[in-house]
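Naming: A, B, ... by sequence-line order, numbering from 1 per chain.
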Amino acid sequence: MHLQRQESTYVDALPNEVNPKTGRIHTQYMQAVAATGRLSSNNPNLQNIPIRTKRGQEVRKSFIPRDENHVLLAADYSQIELRIIAALSKEENMINAFKNGEDIHASTAARVFDVPLDEVTREQRSNAKTVNFGIIYGVSAFGLSNQTDLTRGEAKELIDTYYETYPKLKAFMSAQVDFAREHGYVETVLKRRRYLKDINSRNAMVRNGAERNAVNAPIQGSAADIIKLAMINIHKRFEEENFQSKMLLQVHDELVFDAHKEELEIIKPIIKFEMENAFKLTVPLDVEVGLGENWLEAH
DNA sequence: TCAATCACG
DNA sequence: ACGTACGTGATTGAA
């Protein structure tokens with residue numbers, strides 16, 4: 001029933017958002033709301049359309065191309081934030097994993113649990129995945145133990161081993177905090193700043209929060225910079241070549257297009273190229289492109 | 001009006 | 001010793 005009430009947010013509300021003139025739903029993108037430089041979406045928010053549950057997926061299926069001559073094309077960056085932290089920290093163990101096209105969570109699991117790659121268990125990969133994400137947010141042993149089946153002690157050990165495996169990651173994180181203490185802000189690859197007024201707070205909880213921001217903001221914000229560059233370049237090329245296909249949505253690391261079937265073979269490589277080459281890191285960016293008769297299928 | 005909850009990356 | 005994972009928006013119900 002929580003489920004039904006929550007999804008009535010979508011099932012009841014979205015039909016009322018259809019513009020009578022266009023017959024479509026139009027969201028509004030805010031460029032100066034998110035502290036990290038991400039876009040946000042409102043009226044209605046199309047960046048939080050369900051996907052994780054069966055029921056939610058039914059909602060996502062209702063997003064369809066404009067007519068039978070089009071399909072939806074979804075292009076997603078794969079692990080962009082981990083690639084960015086690998087590149088910015090110059091952590092070679094992680095950079096090489098990406099260069100070799102490895103499954104980063106399995107690769108991390110193999111290293112931290114000291115087992116061959118092909119012997120990584122599901123649980124090991126899952127725990128490594130949780131740490132990989134947690135590291136970007138500044139997770140503690142307590143937080144990690146809450147997110148996994150690990151005890152607090154096991155979580156602490158895992159985090160310690162993680163930093164031994166990727167030593168430059170830890171150095172990078174400390175350097176970000178030091179930079180913030182000295183300058184009062186941190187910055188993204190395109191020099192977008194996030195000011196952190198609490199970085200020198202005497203209140204430890206407040207200060208710790210700002211320190212997590214000092215690490216996270218350049219990562220999340222650089223990903224936002226990169227996809228924005230890609231959007232600009234893709235829009236330019238679509239205009240130059242007079243494509244009928246249109247860019248519809250941005251969902252942080254994903255772009256969704258209403259793609260004309262006859263243009264597919266031309267625009268697919270253009271989209272992939274512009275996204276993967278929007279900004280040069282020392283780590284390759286990887287974009288997965290999917291097609292479908294609806295937004296769910298396109299993934 | 002605001003905190004809690006839940007949707008997404 | 002302390003509290004404990006980043007960034008958003010919409011809905012709901014208590015104050």
Side-chain angles (χ1 to χ4, degrees), chain A residues 1-14 16-17 25 27-60 63 74-82 84-85 127 129-148 150 152 155-156 158-159 162 173 176-177 186 188 192 194 196 198 201-228 249-256 288 295-296 299:
Chain A
M1 26 189 129
H2 302 292
L3 292 175
Q4 295 204 342
R5 189 181 309 154
Q6 193 60 33
E7 287 176 9
S8 72
T9 299
Y10 303 99
V11 177
D12 294 340
L14 286 175
N16 299 324
E17 298 285 349
I25 295 173
T27 186
Q28 182 176 26
Y29 283 109
M30 309 303 287
Q31 295 226 58
V33 170
T36 55
R38 274 188 171 186
L39 300 183
S40 80
S41 158
N42 64 23
N43 300 303
N45 184 357
L46 295 186
Q47 289 181 324
N48 71 343
I49 300 302
I51 193 170
R52 291 170 191 169
T53 67
K54 264 277 153 55
R55 224 186 127 73
Q57 291 182 355
E58 293 302 314
V59 174
R60 191 164 278 243
F63 289 79
D76 283 80
Y77 281 108
S78 163
Q79 307 297 348
I80 188 168
E81 293 190 350
L82 276 178
I84 289 169
I85 200 171
N127 285 334
K129 182 177 179 178
T130 306
V131 187
N132 272 333
F133 280 110
I135 254 30
I136 292 171
Y137 304 144
V139 75
S140 64
F142 178 89
L144 182 62
S145 65
N146 280 344
Q147 286 299 119
T148 60
L150 302 175
R152 216 165 131 178
K156 183 185 181 319
L158 178 52
I159 291 174
Y162 187 91
M173 294 167 73
Q176 290 302 304
V177 172
V186 288
T188 65
R192 178 194 305 277
R194 177 169 183 180
L196 298 168
D198 295 326
S201 170
R202 269 72 67 200
N203 180 325
M205 193 169 66
V206 171
R207 188 177 63 249
N208 289 342
E211 289 176 355
R212 291 194 295 273
N213 293 155
V215 174
N216 175 263
I219 306 303
Q220 190 178 117
S222 294
D225 288 348
I226 291 171
I227 195 169
K228 284 177 176 178
L249 296 173
Q250 188 255 43
V251 192
H252 310 305
D253 64 354
E254 169 187 12
L255 297 177
V256 182
E288 292 176 358
W295 195 4
L296 182 67
H299 273 277

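- Taking atom CG of A/Asn146 as the reference point, atom P of C/dG3 lies 15 Å away to the nearest angstrom.
- Distance CD1 (A/Ile84) to P (B/dG9): 17 Å, rounded to an integer number of Å.
- Both distances falling under 3.5 Å, in either a Watson-Crick or a G-U wobble arrangement, place C/dG9 opposite B/dC6.
- A/Ser140 has a side-chain polar atom (N or O) that falls below the 4.0 Å cut-off from OP1 or OP2 of C/dA5.
- Atoms CG (A/Leu46) and P (B/dG9) sit 13 Å apart, rounded to a whole Å.
- At a threshold of 4.0 angstrom between heavy atoms, the contacts of A/Tyr10 are confined to the sugar-phosphate backbone, with no base atom among them.
- Atom pair A/Asp12:CG and B/dC6:C1' shows a separation of 16 Å (rounding to whole Å applied).
- Distance CG (A/Leu249) to C1' (C/dT8): 16 Å, rounded to an integer number of Å.
- When the P atom is used for both C/dC2 and B/dC6, the distance is 30 Å, rounded to whole Å.
- For the pair A/Asp198 CG and C/dC6 P, the computed distance is 13 Å after rounding to whole Å.
- When each of A/Asn45 and A/Gln147 is assigned the nucleotide of DNA chain C with its nearest heavy atom, A/Gln147 is the one assigned upstream, toward the 5' end.
- Residue A/Gln47 places no side-chain atom within donor-acceptor reach of the base of B/dC8, judged by atom type and a 3.5 Å distance cut-off alone.
- Base contact: A/Thr130 has a heavy atom under 4.0 Å from a base atom.
- Between B/dC8 and A/Arg52, a contact under 4.0 Å exists linking OP1 or OP2 to a side-chain N or O.
- Spacing between atom CD1 of A/Ile49 and atom C1' of B/dC6 amounts to 13 Å, rounded to whole angstrom units.
- Backbone-only engagement by A/Arg212 is indicated by non-hydrogen atom pairs under 4.0 Å involving sugar-phosphate atoms exclusively.
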Step by step, work out the side-chain hydrogen bond (donor to acceptor under 3.5 Å, both in side chains) result for A/Gln250 and A/Gln47. CA-CA 8 Å; A/Gln250 188 255 43; A/Gln47 289 181 324; 3.1 Å; yes

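- Counting non-hydrogen atoms under 4.0 angstrom, A/Val215 reaches nothing in the nucleic acid.
- The side-chain heavy atoms of A/Leu39 and A/Met30, taken from C-beta on, include no pair separated by under 4.5 Å.
- The shortest distance between side-chain heavy atoms of A/Asn45 and A/Tyr10 does not fall below 4.5 Å.
- You'll find the side chain of A/Gln220 stays beyond 4.5 Å of the side chain of A/His252, heavy atoms only.
- Residue A/Phe133 places its side chain closer to C/dA5 than to any other of C/dA5, C/dT12, C/dT4.
- Not one side-chain nitrogen or oxygen of A/Thr9 sits closer than 4.0 Å to the OP1 or OP2 atom of B/dA7.
- Taking all atoms of both residues into account, the shortest heavy-atom contact from A/Leu46 to A/Trp295 is O-CH2, 3.6 Å.
- OP1 or OP2 of C/dG7 lies within a sub-4.0 Å distance of a side-chain N or O belonging to A/Asn213.
- Counting any heavy atom pair closer than 4.0 Å across all strands shown, A/Arg194 reaches sugar-phosphate atoms only and no base atom.
- Using a 4.0 Å heavy-atom criterion, one finds that A/Ala34 contacts the sugar-phosphate atoms exclusively.
- No engagement by A/Ile135 is indicated, since no non-hydrogen atom pair under 4.0 Å with the nucleic acid exists.
- When rounded to the nearest whole Å, the span between CG of A/Asn48 and P of C/dT8 equals 14 Å.
- Residue contacts shown for A/Ala217 are absent, as no nucleic acid heavy atom lies under 4.0 Å away.
- Between A/Ile227 and A/Glu254, the closest heavy-atom pair is CD1-N, 3.7 Å.
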